[in-house]
Amino acid sequence: MKFVLDATFSPQLATALEALSQGEAHFEYAPTLFGSAAPDELIYHGVRDRGACLITLDIAMTRKPQQRAVMKDAGIGVFVFTGRALAQQSFNGIPATVLGGADEIAARAQSTRRPFVWGISDRKKFVRLDEGP
C-alpha cells in the first residue's frame with residue numbers, strides 16, 4: 001500500500017515510517033511531492049494518481065462540506081487522526097503510533113471502496129467520517 005502524509009506531519013516522519021515499515025507499505029510526504037504551497041485539490045489528485053491514500057492530522061478538513069466534496073470528487077481514501085493525543089506526542093511517539101496502526105490502516109485501505117474518510121481516535125478506534133448518520 002502507498003500512503004502520502006500531508007503537511008500536518010513533520011517532514012521526517014514519512015522517511016522514518018518508510019524505513020520502519022520494511023517495504024510492507026510505502027510512505028511519502030505531500031510537500032515534497034507536490035510543493036509546500038500546493039493547493040489541496042492538487043494534492044488530492046496527486047494522491048489518487050499515485051494509487052495512494054492520504055494520512056492527516058487535520059480533522060477540520062473533514063468537517064468542511066466543500067473540502068469533503070473535493071476529496072470525494074478526487075476519489076481518494078483519507079485517514080485522519082481525530083484525537084488530540086497524537087499531535088502532542090514526541091517526535092518518536094508519533095511514528096510509533098502511526099506505524100502501530102499501519103496494519104489496520106492498510107487493511108481498511110484495501111477493503112474500503114474509494115472515496116472514503118476514516119477517522120482514527122487516540123484509542124485506535126476507526127469511524128467512517130464520510131457517511132451520514
Any heavy-atom pair between the side chains of [Y] and [X] that's under 4.5 Å?
X	Y	result
Ile105	Trp118	no
Arg68	Lys72	no
His26	Met1	no
Leu129	Val80	yes
Phe116	Cys53	yes
Ile76	Pro115	no
Asp40	Gln67	yes
Leu33	Arg50	yes

Please give me the minimum heavy-atom distance between [X] and [Y], naming the atom from each residue.
X	Y	result
Pro31	Leu5	CD-O, 4.3 Å
His45	Arg48	ND1-NH1, 2.8 Å
Val47	Leu54	CG1-N, 3.9 Å

Does Glu104 have more than 12 heavy atoms from other residues, nucleotides or ligands lying within 6.0 Å of its CD?
yes
Between [X] and [Y], is there shared hydrophobic-cluster membership here, with clusters defined by ILVMFWY side-chain heavy atoms closer than 4.5 Å?
X	Y	result
Leu13	Phe34	no
Val4	Ile55	no
Tyr44	Ile59	yes
Met61	Ile120	no
Phe79	Val98	yes

Anything under 30° is parallel, anything over 60° is perpendicular, the rest tilted; go ahead and classify Phe3 against Phe27.
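If you compare the ring of Phe3 with that of Phe27, the planes turn out parallel.
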Mind running side-chain contact (heavy atoms from CB on, under 4.5 Å) on Met71 and Asp130 for me, showing each step along the way?
CA-CA 10 Å; Met71 286 187 282; Asp130 58 324; over 6 Å; no
Going through the distances and angles, do Tyr29 and Phe9 end up as a ring-ring contact (aromatic ring centres under 6.0 Å, His included)?
CA-CA 9 Å; Tyr29 190 56; Phe9 291 99; 8.4 Å; no
Using a distance-only test with no angle check, is there a side-chain donor-acceptor pair under 3.5 angstrom linking Asp58 and Thr56?
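On atom types as modelled, these side chains do not qualify, holding no pair under 3.5 Å.
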Separation of Thr82 OG1 from Leu57 CG (nearest 0.5 Å):
10.0 Å
